[in-house]
K.L.:
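This is the structure, below, for whatever I ask next.
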Amino acid sequence: MNRPRAADDFTAICARMEELRPEREAVHATGSQQEISAGPVRARQSGRLQTCLANTILQALVVMVLTGLTGCYLLVPREPPGGDYKRVSELVRFPDFYPGLGRLYVQPNTLPLGPFRAYDRQGLLVSTIYMVPIQDLDAHKMMEIVEGTPIPVDHVEIHYTSGHPGVPEPHYHVILWHVSPERARNLY
C-alpha cells in the first residue's frame with residue numbers, strides 16, 4: 001500500500017521556502033514596507049510575509065502530523081495474527097467474540113500461558129493476554145515469556161478466574177492492553 005510520507009512533502013516545503021527567500025531578504029535589507037512580489041504570493045508589508053511563511057510552515061506540520069497518525073493506524077496488527085495462531089473458538093467451546101476481551105487467537109503449543117492475541121470487531125489488535133495458572137504461581141515456577149507484544153502497551157490488568165473452556169484450572173489473566181482504558185471498557 002502506497003501512502004504519502006512526510007519526507008515527500010518536506011522537499012516541496014523546502015522548495016517553497018527557497019522561492020520566498022529573496023522576498024524575505026529584500027524586506028530585511030530595505031526595512032521598508034514596499035510591495036514585494038514573487039509569483040502567486042504578494043506581501044505589502046513584512047508582517048504579511050511573516051504570516052505567509054508561518055502559514056506555509058503550519059500547513060507542512062499539519063500534513064506531517066496527519067501522515068504520522070495515518071501511519072500509526074496502519075501499523076496496528078490486524079487479525080488473523082498469522083503463523084500457527086488459531087482462533088480459540090475453533091479449538092474449544094468458547095464464544096467467537098468474548099465481550100470485554102474480543103476475538104481471541106492462541107498458538108496451541110503455548111497453552112495455557114499464551115500469549116493470546118485479542119482483536120476488536122474491526123479486526124484490530126487490542127490486547128495480548130497471558131493466563132497464568134495459580135498452581136504455577138504457588139510452586140514459584142519460572143515462566144519464560146519470550147514473545148513480546150507487537151505494539152506498545154497502554155495499561156495492564158490482572159484478575160483472577162476460576163477457569164473456563166480451554167484453561168479449566170484456576171488462573172490469573174494478565175492483560176496487556178494496547179488501547180486506552182475507555183476503549184477497553186467498550187469492547188462489546
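Worth knowing before you read on, the calculation uses all heavy atoms, side chains too, and leaves out hydrogens, waters and symmetry mates. In this chain, numbering begins with 1 at the start of the sequence shown.
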K.L.:
Tell me, please, which residues at least two apart from Y119 pass side chain to side chain donor-acceptor pair (under 3.5 Å).
P.N.:
none

K.L.:
Identify whether L176 and L104 are in the same connected component of the hydrophobic contact network (ILVMFWY, side-chain heavy atoms under 4.5 Å).
P.N.:
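No, separate clusters.
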
K.L.:
Kindly write out the residues that satisfy salt bridge (Lys or Arg N to Asp or Glu O under 4.0 Å) with D138, not counting sequence neighbours, or none if the list is empty.
P.N.:
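So D138 forms no salt bridge (Lys or Arg N to Asp or Glu O under 4.0 Å) with any residue.
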
K.L.:
Is there a side-chain contact between E79 and R87 (heavy atoms, below 4.5 Å)?
P.N.:
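E79 reaches R87 side chain to side chain.
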
K.L.:
In Å and rounded to the nearest 0.5 Å, what is the CD to NZ distance from Q135 to K141?
P.N.:
8.0 Å

K.L.:
Taking only residues two or more places apart in sequence, or in another chain, which ones meet H140 in a ring pair (Phe, Tyr, Trp, His ring centres under 6.0 Å)?
P.N.:
none

K.L.:
Using ring pair (Phe, Tyr, Trp, His ring centres under 6.0 Å) as the criterion, list what pairs up with F97, not counting sequence neighbours.
P.N.:
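Partners of F97 by the ring pair (Phe, Tyr, Trp, His ring centres under 6.0 Å) criterion come out as none, since no residue qualifies.
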
K.L.:
May I have the list of side-chain donor-acceptor pairs in residues 125-134 shorter than 3.5 Å, sequence neighbours left out?
P.N.:
| from | atom 1 | to | atom 2 | distance (Å) |
| --- | --- | --- | --- | --- |
| T128 | OG1 | R117 | NH1 | 2.9 |
| T128 | OG1 | H178 | NE2 | 2.9 |
| Y130 | OH | E147 | O | 2.9 |

K.L.:
Under the criterion side-chain contact (heavy atoms from CB on, under 4.5 Å), I'd like the reasoning laid out for H173 against H164: C-alpha separation, chi angles, the key distance, then a yes or no.
P.N.:
CA-CA 12 Å; H173 288 183; H164 51 72; 3.2 Å; yes

K.L.:
Applying ring pair (Phe, Tyr, Trp, His ring centres under 6.0 Å), name anything that partners Y160, two or more places apart in sequence or on another chain.
P.N.:
Y172

K.L.:
Begin with the C-alpha distance, continue with both residues' side-chain angles, and end with the deciding distance and a verdict on side-chain contact (heavy atoms from CB on, under 4.5 Å) for I158 and V156.
P.N.:
CA-CA 7 Å; I158 300 174; V156 178; 4.2 Å; yes

K.L.:
Connecting only ILVMFWY residues whose side-chain heavy atoms lie within less than 4.5 Å of each other, what is the rest of M142's hydrophobic cluster?
P.N.:
none

K.L.:
Kindly write out the residues that satisfy salt bridge (Lys or Arg N to Asp or Glu O under 4.0 Å) with D154, not counting sequence neighbours, or none if the list is empty.
P.N.:
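Partners of D154 by the salt bridge (Lys or Arg N to Asp or Glu O under 4.0 Å) criterion come out as none, since no residue qualifies.
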
K.L.:
Would you please name every residue forming a side chain to side chain donor-acceptor pair (under 3.5 Å) with H155, sequence neighbours left out?
P.N.:
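If we apply the side chain to side chain donor-acceptor pair (under 3.5 Å) test to H155, skipping adjacent residues, there are no hits.
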
K.L.:
Nearest 0.5 Å, please: how far is CG in L101 from CD1 in I175?
P.N.:
5.0 Å

K.L.:
Side-chain heavy atoms under 4.5 angstrom apart, residues restricted to Ile, Leu, Val, Met, Phe, Trp, Tyr: same cluster for V167 and V92?
P.N.:
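Yes: a chain of side-chain contacts under 4.5 Å links V167 to V92.
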
K.L.:
Which atom pairs, one a donor and one an acceptor, fall under 3.5 Å between side chains of residues 179-187 and the rest of the protein, sequence neighbours left out?
P.N.:
| from | atom 1 | to | atom 2 | distance (Å) |
| --- | --- | --- | --- | --- |
| S180 | OG | R183 | N | 3.1 |
| R183 | NH2 | D120 | OD2 | 2.7 |
| N186 | ND2 | E182 | O | 3.1 |

K.L.:
Quick one: salt bridge (Lys or Arg N to Asp or Glu O under 4.0 Å) pairs with a partner in residues 159-174, sequence neighbours left out?
P.N.:
none

K.L.:
Could you tell me whether the side chain of K86 reaches within less than 4.5 Å of the side chain of Y105, counting heavy atoms only?
P.N.:
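Answer no - side chains too far apart.
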
K.L.:
Grouping I, L, V, M, F, W and Y whenever their side-chain heavy atoms are under 4.5 Å apart, do Y98 and L91 come out in a common cluster?
P.N.:
yes

K.L.:
With sequence neighbours left out, write down each residue that passes side chain to side chain donor-acceptor pair (under 3.5 Å) with Q107, or none if nothing qualifies.
P.N.:
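D84.
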
K.L.:
For V88, does its backbone N or O pair with a side-chain atom of R103 as donor and acceptor, under 3.5 Å?
P.N.:
no

K.L.:
Are any of the side-chain heavy atoms of T110 and Y85 separated by less than 4.5 Å?
P.N.:
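Counting from C-beta outward, T110 and Y85 never come under 4.5 Å.
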
